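Here is the structure we will look at.
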Amino acid sequence: MASTEQPCLIREATTEDAAAVRELYGAGAVEEFTARLGDRWTAPGTRHYVTESDGRVVAAFALTALGRLRPEGNPRLMLHEIKIRPSFRGIGVAEDILSWLAGTLGVGTETELLALAPLGQRPASFDRFDLEASHQAFKWPVRKGHSST
């Protein structure tokens, strides 16, 4: 972590992490998290990761490789589904994730990153890593019982 403690360990999530990830979300069934973490076919190109501190899962996030049609365009990843345990917010976990992305995946030097944040919020870690406003995202939510036409 960016504090005086050791940096967090970041690794790909496994089905054994389902209960800890469910705890971060505070909702849902462990079985659903287990199924989603174990199913690589539901979201091709997406990998889920956990961040650990002292052997405890303190954050989870997803990275999705985005296809590029643009000639000579750099590879692009989308960082999303970021959940940080409330007691670990503001102490450098997000910075550890961004540092890991830079050091492990070449983000910022060889690979572009699109990072999703809640509407109207700009995390301080984005400023520290010089992330700039680039795209505006829109969501087409699922509305049960409504037709899309």
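None of the values given here were measured: they were computed from a predicted structure.
- Of all heavy-atom pairs spanning A137 and L116, the tightest one is CB-CD2, 4.4 Å.
- The side-chain heavy atoms of H48 and F33, taken from C-beta on, include no pair separated by under 4.5 Å.
- Every salt bridge (charged side-chain N to carboxylate O under 4.0 Å, His left out) that E52 has, sequence neighbours left out, goes to R11.
- Put simply, the side chain of L77 does not reach to within 4.5 Å of the side chain of L114, judged on heavy atoms.
- Judged by distance alone, the side chain of T104 and the main-chain N or O of L101 form no donor-acceptor pair under 3.5 Å.
- In terms of hydrophobic clustering, with Ile, Leu, Val, Met, Phe, Trp and Tyr side chains grouped at heavy-atom distances under 4.5 Å, I97 and V57 are assigned to different clusters.
- Of all non-hydrogen atoms in L131 and A115, the two that sit nearest each other are CD2-CB, 3.9 Å.
- If you take CD on E32 and CZ on R22, they are separated by 11.0 Å, rounding to the nearest 0.5 Å.
- E81 and Y49 share no donor-acceptor pair across their side chains, judged by distance under 3.5 Å alone.
- With contacts defined as side-chain heavy-atom distances shorter than 4.5 Å, the pair L105/W100 qualifies.
- D96 places a side-chain N or O within 3.5 Å of a backbone atom of C8 that can act as its donor or acceptor partner.
- Under a 4.5 Å side-chain heavy-atom cut-off, the cluster of Ile, Leu, Val, Met, Phe, Trp and Tyr residues that includes L9 has no other member.
- Linking ILVMFWY residues whenever their side-chain heavy atoms come closer than 4.5 Å, directly or via other members, places F88 and F126 in the same cluster.
- K83 forms no cation-pi arrangement with F61, by the criterion of a distance under 6.0 Å to the ring centre and an angle within 45° of the ring axis.
- Counting heavy atoms from C-beta outward, V50 and V21 have side chains that approach closer than 4.5 Å.
- Contact annotation: the side chain of L113 approaches that of L98 to within less than 4.5 Å [non-hydrogen atoms, C-beta and beyond].
- At least one donor-acceptor pair under 3.5 Å links the side chain of D17 to the backbone N or O of T14.
- In this structure, V58 and I84 have side chains that are not in contact, with every pair of non-hydrogen atoms separated by 4.5 Å or more.
- Put simply, the side chain of R76 never gets that close to the backbone of G67: no donor and acceptor are under 3.5 Å apart.
- Contact of the N74 side chain with the E110 side chain is not registered, since no non-hydrogen atoms from C-beta on lie closer than 4.5 Å.
- Contact check on R85 versus E23 returns a salt bridge, with a Lys/Arg side-chain nitrogen under 4.0 Å from an Asp/Glu carboxylate oxygen.
- Side-chain contact between L63 and T46: absent, with no pair of heavy atoms (C-beta onward) separated by less than 4.5 Å.
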